[in-house]
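Only one structure is covered here, and it is reproduced in the block below.
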Amino acid sequence: MNRQISNEQAAFSIDKQAALRQINDIYGVIKGNLKVAISGPKMMVMGTGVALIPLAEWFLNTTIDPFIFGVTTAAPALIFVLRTIFYWCVFGFIPRLFRHQKSERNALLEQLFEVGKLFPIIPVAMSAALAFVGQTEIISPIVLILIGTLFVWFGQFTSRIVSVAAWANIVAGIIGICISQLSINHLWAYLVAYQGCTFIIMGAALWYVQKNIVQS
């Protein structure tokens, strides 16, 4: 009788250890998926693109915009629409370059990051509304706060690096609103360049972490 109980306890112990190993394996898979949910190299390229927006705006302001103002009285609205299409296409094309690096993710994780696909509509709509009421000086700070808020959400499920970069954008956006009445020349350009730099730094840190995960 005692021998049978001992055998049952031994079997239970083995089953318990196997279950714990399976739980640890599942946790490792989930953790690995989360760590690579936001591609480090992609964020570096996106950040570089964002940081170059002031340069792109200078080029467009000195070449295409004068022509548009010369041919139509609705130039401001047309320019806004063309800018929106241009940047939407540019930043929509960048993720396609990294599709081959997409990790296998479970369906729940895919649903979690689906929000990011439609999120750009919010900053665009907010920018249009602020421009319509003549509050163009706070467009860049508001966009910083909105995008920072999105990445705070992502950071809760991925990496502390993402959360730090997100809060850095939110703080910069709040400061930008506070100093927007000081008539600082090209303040929007400084804020956009700052946002791009935070994305580059975040992407580099994520790339380093993801590289170590792959190697391990």
Side-chain angles (χ1 to χ4, degrees), residues 38 42-70 72-92 94 115-156 160-205:
I38 300 177
K42 181 169 70 174
M43 288 308 304
M44 292 174 67
V45 176
M46 292 285 282
T48 302
V50 171
L52 291 176
I53 286 178
L55 181 61
E57 283 297 306
W58 171 82
F59 175 78
L60 294 172
N61 285 332
T62 56
T63 56
I64 297 177
D65 289 1
F67 171 77
I68 296 177
F69 274 104
T72 177
T73 57
L78 180 59
I79 288 173
F80 179 83
V81 171
L82 292 177
R83 289 287 204 284
T84 301
I85 295 173
F86 172 73
Y87 289 119
W88 194 287
C89 291
V90 170
F91 290 102
I94 290 176
V115 66
K117 294 182 179 180
L118 296 177
F119 184 83
I121 296 174
I122 299 175
V124 170
M126 183 66 71
S127 299
L130 291 172
F132 180 77
V133 297
Q135 298 292 329
T136 55
E137 68 278 358
I138 64 172
I139 290 178
S140 292
I142 291 294
V143 170
L144 268 173
I145 294 173
L146 289 173
I147 294 179
T149 302
L150 174 66
F151 277 90
V152 165
W153 166 258
F154 286 165
Q156 296 297 315
R160 185 176 300 176
I161 299 165
V162 178
S163 295
V164 171
W167 280 107
N169 278 268
I170 292 174
V171 172
I174 294 172
I175 294 174
I177 293 175
C178 294
I179 65 176
S180 61
Q181 303 301 321
L182 299 180
S183 300
I184 300 175
N185 291 331
H186 309 301
L187 175 62
W188 71 270
Y190 300 137
L191 292 174
V192 171
Y194 171 84
Q195 183 182 36
C197 290
T198 60
F199 283 176
I200 294 172
I201 295 171
M202 177 178 68

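The model shown is predicted, which means the values in this text are computed figures rather than measured ones. Just the heavy atoms: all of them, side chains too, but no hydrogens, waters or symmetry mates, feed the values below.
Of all heavy-atom pairs between Met43 and Gly203, the closest is CB-CA, 3.7 Å. The heavy-atom pair separating Pro54 from Ala189 by the smallest distance is CG-O, 3.6 Å. Minimum interatomic distance between Ala204 and Met44 (heavy atoms only, all atoms of both residues): N-CG, 3.5 Å. Across all non-hydrogen atoms, the minimal contact from Ser163 to Val152 is OG-O, 4.5 Å.
Contact of the Trp88 side chain with the Ile85 side chain is not registered, since no non-hydrogen atoms from C-beta on lie closer than 4.5 Å. At a threshold of 4.5 Å between non-hydrogen side-chain atoms, the residues Leu150 and Ile122 do not count as touching. Counting only heavy atoms from C-beta outward, the side chains of Val124 and Tyr87 never approach each other to under 4.5 Å.
Here Ile175 contributes atom CD1 and Leu191 contributes atom CG; the two are 9.5 Å apart, rounded to the nearest 0.5 Å. From Phe59, atom CZ reaches atom CG of Asp65 across 10.5 Å, with rounding to the nearest 0.5 Å. Between the CZ atom in Phe69 and the CD1 atom in Ile64 there is a gap of 13.0 Å [rounded to 0.5 Å].
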Donor-acceptor contacts under 3.5 Å from residues 134-148 side chains, at least two apart:
none

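Sorted by first and then second residue, the side chain to side chain donor-acceptor pair (under 3.5 Å) pairs involving residues 182-197 (not counting sequence neighbours) form an empty list.
By the ring pair (Phe, Tyr, Trp, His ring centres under 6.0 Å) test, Phe199 pairs with Phe151, sequence neighbours left out.
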| query | Passes side chain to side chain contact (heavy atoms under 4.5 Å, CB included), Ile68 versus Leu82? Steps please. | reply | CA-CA 11 Å; Ile68 296 177; Leu82 292 177; 3.6 Å; yes

| field | Stepwise side chain to side chain contact (heavy atoms under 4.5 Å, CB included) check, Ile53 with Arg83 | value | CA-CA 11 Å; Ile53 286 178; Arg83 289 287 204 284; over 6 Å; no

